[in-house]
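Read the structure below first, then the notes.
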Protein chains: 2
Amino acid sequence: MTDHKIRNMEEFAALSGLSRPTISKYFNDPASVRARTREQIEDALSRYEFRPNIYAMNQNRSLTKIVGIAVPYLADPFFAEIARTLERRCIDAGFSPILYSAHGQQKLENDILSGLAALKPAGVFLAPLGRLSDRGAIERFCRDVPTVLFDSNIEGMGEAFVGSDNYSFVRQTVDYLCRTGAPPAFFEMKTPANPNANKRRKAYLKVMADAGLEPQVIQIEGEGWGFEEIGRRGAHELIEKRALPTDTILCSNDRLAIGFLAGCYERGLRVGRGEGCALRVASHDDHPFSRFTCPALTTAAHEYELVADKCMQTLFSLIEAGGRFATRDETLIPARLILRASA
Amino acid sequence: MTDHKIRNMEEFAALSGLSRPTISKYFNDPASVRARTREQIEDALSRYEFRPNIYAMNQNRSLTKIVGIAVPYLADPFFAEIARTLERRCIDAGFSPILYSAHGQQKLENDILSGLAALKPAGVFLAPLGRLSDRGAIERFCRDVPTVLFDSNIEGMGEAFVGSDNYSFVRQTVDYLCRTGAPPAFFEMKTPANPNANKRRKAYLKVMADAGLEPQVIQIEGEGWGFEEIGRRGAHELIEKRALPTDTILCSNDRLAIGFLAGCYERGLRVGRGEGCALRVASHDDHPFSRFTCPALTTAAHEYELVADKCMQTLFSLIEAGGRFATRDETLIPARLILRASA
DNA sequence: GAATTTTCTTTACGCGCGTAAATTACTGAG
DNA sequence: CTCAGTAATTTACGCGCGTAAAGAAAATTC
């Protein structure tokens with residue numbers, strides 16, 4: 001390794017005995033030059049350590065190798081996990097992922113989108129805020145940038161949506177709970193930020209109706225992204241008012257359930273499926289922490305890998321199709337039931 | 001708002017009745033043009049919606065307005081939280097933060113650093129992997145880019161370090177535990193990835209020695225970033241082998257404690273400070289989930305806001321000083337004790 | 001109101017690379 | 001060896017902006 005600093009592609013081209021346009025071609029797509037030339041370049045690359053200037057590279061490109069990944073709330077380990085999986089996929093595919101979190105705020109989501117559009121990314125994975133999203137802003141963004149929505153669907157936005165099949169989630173948990181004990185009551189926030197919550201409630205109602213059972217929906221007040229605290233408060237209120245309609249509670253999502261379990265514990269209510277347990281609690285998402293709750297949480301898991309794979313695959317086709325699909329592509333991935341001690 | 005698309009700064013300059021260099025000056029620093037001129041530009045800006053091309057802007061700049069934030073593991077809510085706080089500070093200060101996670105892997109950390117260096121960022125906040133970091137790579141990076149290390153210190157790297165005062169953390173928890181019951185045994189991973197772990201063990205040994213007490217360090221096998229599972233397994237092993245040396249356990253960090261508490265629960269061991277409790281457990285970090293454990297975790301909290309403020313402030317001085325400090329600046333921020341039900 | 005300072009305009013060049021067109025060199029099949 | 005086809009080279013221009021220099025205009029000072 002010679003440590004002589006290389007200023008630009010011109011210089012590197014000279015050192016590797018090739019012309020600049022050929023080097024440029026190589027960096028755009030190494031497969032576009034002859035094998036021997038490629039070796040020659042890679043040999044020089046190992047000797048001199050040169051990287052083309054990103055800014056100059058992207059300036060004259062209509063589409064860059066950048067892929068944006070935008071999530072509503074990165075401090076939620078669910079999004080951290082899915083973002084991490086997507087990031088890896090992008091790198092493996094030769095793209096440069098850039099990660100953004102809206103931190104639950106509409107203004108930030110809008111800023112992220114307008115900043116992202118200026119980067120001329122090859123494509124974007126967007127998990128929108130949901131109810132709090134500025135539909136106009138997202139629509140305008142999707143007109144400029146090839147976008148795959150994930151996690152939460154906004155009807156008609158983006159070229160495709162990859163998400164979880166909420167009906168599959170709820171049917172599996174409800175079926176299991178009904179099979180092994182009392183039918184569950186459904187526990188959720190009154191004004192959920194995420195459209196999945198509404199889909200899950202509807203799925204619950206449908207599954208219960210199909211089974212000829214009376215649904216029970218418990219809605220608790222609460223705003224924002226502090227789901228655990230809302231769940232905890234809900235548990236306290238319900239137990240205090242003796243308002244639990246049954247001994248089986250199905251939470252809309254794991255973060256609510258984590259709080260709910262904490263509330264039950266604080267009230268001395270033993271949760272689980274064994275004897276001596278007053279309550280069964282189950283939920284959806286398989287949040288990274290749900291195996292460490294007390295008791296460990298029975299839940300329906302996202303197939304993180306499958307979702308990420310499908311996202312990448314969809315974005316690839318989208319890029320190849322020039323950024324537009326004839327019809328909006330929707331993929332729903334079913335859940336995997338995870339049995340633990342809580343139900 | 002006229003929706004005529006503006007191609008470049010030249011065109012925008014014409015529309016706003018000013019010259020391009022003046023517009024360029026404004027975008028570099030709005031305060032560098034006369035107030036009236038600024039108004040004139042901002043007025044045009046509101047009518048025409050123009051953003052200079054990022055790539056062209058940064059190409060000829062020696063330092064950009066980009067700030068890199070690199071953490072070892074973003075799926076850990078502690079890092080998600082600190083990254084979020086730093087991100088906000090950067091935006092408020094007019095910088096564009098870009099977030100990176102090494103996902104616990106040395107190769108990724110190195111890739112992030114070399115990619116980041118190519119962006120010519122104004123500065124970087126780097127929380128290194130720690131033991132797994134490639135010291136040479138970090139050293140080389142810090143030579144090129146003004147870097148503030150945070151969370152975990154690597155002696156001599158970067159121009160400054162902002163972190164938590166591990167001695168303050170441990171002294172407060174140990175003091176509290178000693179004051180209210182039996183002196184704690186210290187529970188940790190045998191080969192911790194993070195240098196803070198070592199500092200905490202040393203602090204524990206010192207605080208115990210100063211108090212004339214016999215220290216007890218329990219080390220559990222385990223690699224990687226799945227701290228909760230390691231803590232859980234540790235609890236099972238200790239309880240099974242009746243190897244708990246005392247009824248008071250101080251975990252090195254909250255993620256271990258979260259797992260430890262789960263293990264205790266699974267073993268039917270009641271944790272807390274009330275009567276009927278077999279064990280007290282405390283820890284350090286005030287992890288976002290530590291208030292939802294069963295029981296809620298007594299811990300020593302990072303001052304997220306203070307740390308973030310100090311980081312920003314340090315980076316500002318560093319940038320103003322031209323990227324170099326005469327002497328490496330180290331700031332340690334003390335902890336805040338959080339009393340909950342577990343101890 | 002003149003002198004000084006600050007701000008803006010004009011002009012012009014350069015950054016590092018993408019990319020197109022025309023030309024030359026190489027490759028492999030017959 | 002010839003010839004078509006592919007690959008690389010040469011040449012040249014453009015992208016959008018930073019920035020420097022010199023001069024004009026405006027603001028400030030006394």
Side-chain angles (χ1 to χ4, degrees), chain A residues 4-45 48-66 94 96 115 117-122, chain B residues 4-45 48-66 94 96 115 117-122:
Chain A
H4 168 242
K5 289 270 169 69
I6 287 163
R7 299 152 185 280
N8 54 35
M9 198 177 272
E10 190 83 55
E11 198 171 321
F12 177 74
L15 286 168
S16 58
L18 291 162
S19 71
R20 191 177 64 75
T22 305
I23 306 290
S24 172
K25 217 155 169 283
Y26 168 84
F27 277 108
N28 285 337
D29 177 12
S32 70
V33 300
R34 205 192 311 152
R36 196 177 311 164
T37 313
R38 188 160 57 244
E39 278 172 34
Q40 199 177 341
I41 294 173
E42 275 157 9
D43 181 59
L45 225 39
Y48 294 109
E49 183 171 27
F50 162 73
R51 297 181 58 157
N53 181 302
I54 307 176
Y55 299 113
M57 254 181 87
N58 288 330
Q59 175 171 10
N60 302 315
R61 267 166 130 47
S62 41
L63 90 160
T64 66
K65 281 279 191 180
I66 290 170
S96 301
L119 291 179
K120 298 183 284 186
Chain B
H4 167 242
K5 289 270 167 71
I6 287 163
R7 300 152 185 278
N8 55 34
M9 199 177 271
E10 190 83 55
E11 198 171 322
F12 177 75
L15 286 167
S16 58
L18 292 162
S19 71
R20 188 177 67 74
T22 305
I23 306 289
S24 172
K25 216 153 171 285
Y26 168 85
F27 277 108
N28 284 338
D29 177 12
S32 70
V33 300
R34 204 193 311 153
R36 197 177 311 162
T37 313
R38 189 160 57 240
E39 279 171 35
Q40 198 177 341
I41 293 173
E42 275 157 8
D43 181 59
L45 225 39
Y48 294 109
E49 184 171 27
F50 161 73
R51 298 181 57 155
N53 181 303
I54 306 176
Y55 299 113
M57 254 181 87
N58 288 331
Q59 176 170 10
N60 301 316
R61 265 166 131 46
S62 41
L63 91 161
T64 65
K65 280 282 190 178
I66 290 171
S96 300
L119 291 180
K120 296 183 285 186

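Computed over heavy atoms, backbone and side chain alike; hydrogens, waters and symmetry mates excluded. It should be emphasised that the depicted structure is a prediction, and the values quoted were computed from it without experimental measurement. Numbered from 1 within each chain, the chains take letters A, B, ... in sequence-line order.
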Review point. Closest approach of B:Ala122 and B:Thr64, non-hydrogen atoms and distance?
Key: CB-O, 3.1 Å

Study note, to complete from the structure: Side-chain atoms of B:Pro21 come closest, of D:dG16, C:dT9, C:dC17, to C:dT9

**Study point:** Modelled atom types, side-chain donor and acceptor of A:Asn28 and A:Arg61, under 3.5 Å
**Key:** yes

Practice item. Answer yes or no: does a side-chain N or O of A:Ser24 lie under 4.0 Å from OP1 or OP2 of C:dC17? Key: no

Point to revise | Atom-pair distance (CG on B:Asn58; P on D:dT19), nearest Å | key: 11 Å

Check your understanding: How long is the line joining CG of A:Asn8 and P of C:dG18, in whole Å?
Key -> 12 Å

Check your understanding: CZ of B:Phe12 versus C1' of D:dC17: gap in Å, rounded?
Key -> 15 Å

Check your understanding: With no angle test and no hydrogens, is the base of D:dG16 tied to the side chain of B:Arg20 by a donor-acceptor pair under 3.5 Å?
Key -> no

Practice item. Counting heavy atoms from C-beta on, name the nucleotide in C:dT7, C:dT9, D:dC17 closest to the side chain of B:Leu18. Key: C:dT9

Practice item. Flag the pair A:Tyr55 / B:Leu119 as yes when at least one side-chain heavy-atom distance between them is below 4.5 Å, and no otherwise. Key: yes

Point to revise | Distance in angstrom units between B:Glu11 CD and D:dG16 P, rounded | key: 10 Å

Exercise for review: Send over the distance from A:Gln40 CD to C:dC26 P, rounded to a whole Å.
Suggested key: 12 Å

Study note, to complete from the structure: Among the nucleotides D:dA26, D:dC15, C:dT19, whichever has the atom closest to the side chain of B:Arg34 is D:dA26

Check your understanding: So which one's nearest nucleotide on DNA chain C is more toward 5', A:Pro52 or B:Val33?
Key -> B:Val33

Point to revise | Value in whole Å for how far the P atom of D:dG14 lies from CE of A:Met57 | key: 22 Å

Point to revise | Plane angle bin for B:Phe12 and B:Phe50 - parallel if under 30°, tilted between 30 and 60°, otherwise perpendicular | key: parallel

Review point. Reckon A:Asn28 touches a base, only the sugar-phosphate, or nothing at all at heavy-atom distances under 4.0 Å?
Key: sugar-phosphate

Study note, to complete from the structure: Checking D:dC15, D:dT19, C:dC17 against the side chain of A:Gln59 (C-beta onward), the nearest is D:dC15

Point to revise | Donor-acceptor contact below 3.5 Å, side chain B:Arg20 vs main chain B:Met9 | key: no

Review point. Quick one: on DNA chain D, does B:Phe27 or A:Gly17 contact a more 5' nucleotide (nearest heavy atom)?
Key: A:Gly17

Review point. With a 4.5 Å heavy-atom cut-off, do B:Asn53 and B:Gln59 have their side chains touching?
Key: no

Point to revise | Selected nucleotide, minimal atom distance to B:Arg61 side chain, candidates C:dC17, D:dC17, D:dT19 | key: D:dT19

Practice item. Give a yes/no answer on whether the side chain of A:Thr22 brings an N or O atom under 4.0 Å of OP1 or OP2 in D:dA8. Key: no

Point to revise | Below 4.0 Å: OP1/OP2 of C:dT10 and any side-chain N or O of B:Ser19 | key: no

Exercise for review: Report yes if a donor N or O on one partner sits less than 3.5 Å from an acceptor N or O on the other, where the partners are the side chain of A:Asn60 and the base of C:dC17; otherwise report no.
Suggested key: yes

Review point. Looking across every strand, which nucleic acid part, if any, lies under 4.0 Å from B:Arg38 by heavy atom: base, sugar-phosphate, or nothing?
Key: nothing

Review point. Counting side-chain heavy atoms from C-beta on, which of C:dC17, C:dT27, D:dA27 comes nearest to B:Arg36?
Key: D:dA27

Practice item. Measure the distance from CG on B:Asn53 to P on C:dC17 and round it to the nearest whole Å. Key: 16 Å

Point to revise | Atom-pair distance (CE on A:Met9; P on D:dT9), nearest Å | key: 13 Å

